[in-house]
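Input: a single structure, listed below in structure tokens.
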Amino acid sequence: VQDLGSASAIDGQALKADGSGGLAFEDDLVAVNFIIDGGGSAIAAGEKGHVELPFAMTITGWTILADQAGSIVVDVWKAAYANFPPTNADSVAGTEKPALSSAQQDQDLGLTTWTTAVAAGDILAFEVESATAVTRVTVALRGRKT
């Protein structure tokens, strides 16, 4: 047992090993990965699926990775379970949608136009607005549990 003295956690932190035999409060970071696969063909526009989050989080950024250089724009929608399914009106991505423009990877770790709060049980949907050349894309949302 370790005496943490006056150390205290803030919302979104967890008690973890600090690497030197002690314990410390650190941000409880998570990633939500969603794969969009065209099955060997170019990805078509449209809604591609849903993910339910069993924990509350604040979205802090995104990374998008593709199998080859190309272009794609992915919108992210969010709705409470009771309001399923989410629609385009439920977009949380603002003007910083995960996107590639003749590239294979991109990321945005400083979101300024997103609605970043996600409640436990919320459903996220991923919609391809447009795509060329890419046949498989991973959209990773970074966040901190709250």
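The model shown is predicted, which means the values in this text are computed figures rather than measured ones.
- Cluster partners of Leu65: none. The rule joins Ile, Leu, Val, Met, Phe, Trp and Tyr whenever side-chain heavy atoms lie under 4.5 Å apart, and it links nothing here.
- Distance CD/Glu52 to CZ/Phe84: 10.5 Å, rounded to 0.5 Å.
- In this structure Thr87 satisfies the side chain to side chain contact (heavy atoms under 4.5 Å, CB included) test together with Ala89, Asp90, sequence neighbours excluded.
- Counting heavy atoms from C-beta outward, Asp37 and Thr135 have side chains that stay 4.5 Å or more apart.
- Annotation: the span from Asp108 atom CG to Ile64 atom CD1 amounts to 12.0 Å, rounded to 0.5 Å.
- Here the shortest heavy-atom pairing between Ser71 and Val134 reads O-CG2, 4.0 Å.
- Ion pairing between a basic and an acidic side chain is recognised when a charged N comes within 4.0 Å of a carboxylate O; Glu127 and Lys48 show no such pairing.
- The closest donor-acceptor contact from the side chain of Glu129 to the backbone of Asp75 lies at 3.5 Å or more, if one exists at all.
- Each of Ile59 and Ile123 belongs to its own hydrophobic cluster when Ile, Leu, Val, Met, Phe, Trp and Tyr are linked at side-chain heavy-atom distances under 4.5 angstrom.
- Between the side chains of Thr138 and Asn33, no donor N or O sits under 3.5 Å from an acceptor N or O.
- A search for ring pair (Phe, Tyr, Trp, His ring centres under 6.0 Å) contacts involving Tyr81 returns nothing, not counting sequence neighbours.
- Atoms NZ and CD1, from Lys97 and Ile72 in turn, are 12.5 Å apart once rounded to the nearest 0.5 Å.
- To the nearest 0.5 Å, atoms OG (Ser41) and CZ (Arg136) are separated by 14.0 Å.
- Shortest non-hydrogen contact noted between Pro86 and Ala125 is CG-CB, 3.6 Å.
- Listed by first and then second residue, the side chain to side chain donor-acceptor pair (under 3.5 Å) pairs involving residues 55-66 are Thr63-Gln107 (not counting sequence neighbours).
- Clustering of Ile, Leu, Val, Met, Phe, Trp and Tyr side chains at separations under 4.5 Å leaves Trp77 isolated, with no partner residue.
- A ring-ring contact (aromatic ring centres under 6.0 Å, His included) check over residues 122-144, counting only residues at least two apart or in different chains, returns the pairs Phe34-Phe126.
- Both Val32 and Val128 sit in one connected hydrophobic cluster of ILVMFWY residues. Membership requires side-chain heavy atoms under 4.5 Å apart, directly or through other members.
- Both Val51 and Val92 are part of a single hydrophobic cluster, where members link through side-chain heavy atoms under 4.5 Å apart.
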Apply side chain to side chain contact (heavy atoms under 4.5 Å, CB included) to residues Ile43 and Val137 and explain how you reach the verdict. CA-CA 9 Å; Ile43 295 171; Val137 170; 3.8 Å; yes
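- Asn88 CG to Glu47 CD: the interatomic distance, rounded to the nearest 0.5 Å, is 9.5 Å.
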Let me see the working for Leu29 and Arg142 under side chain to side chain contact (heavy atoms under 4.5 Å, CB included), right down to the final yes or no. CA-CA 8 Å; Leu29 303 177; Arg142 293 181 180 205; over 6 Å; no
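- Met57 and Thr146 get closest at one heavy-atom pair: N-OG1, 3.5 Å.
- Follow the hydrophobic side-chain contacts under 4.5 Å out from Phe55 and you reach Val118 in the same cluster.
- Interatomic distance, CG of Asp122 versus NE2 of His50, reported as 13.0 Å (0.5 Å rounding).
- Shown here for Thr113 and Thr95, the closest heavy-atom pair between the two residues is OG1-N, 3.0 Å.
- With hydrophobic clusters built from ILVMFWY side chains whose heavy atoms lie under 4.5 angstrom apart, Val73 does not share a cluster with Leu141.
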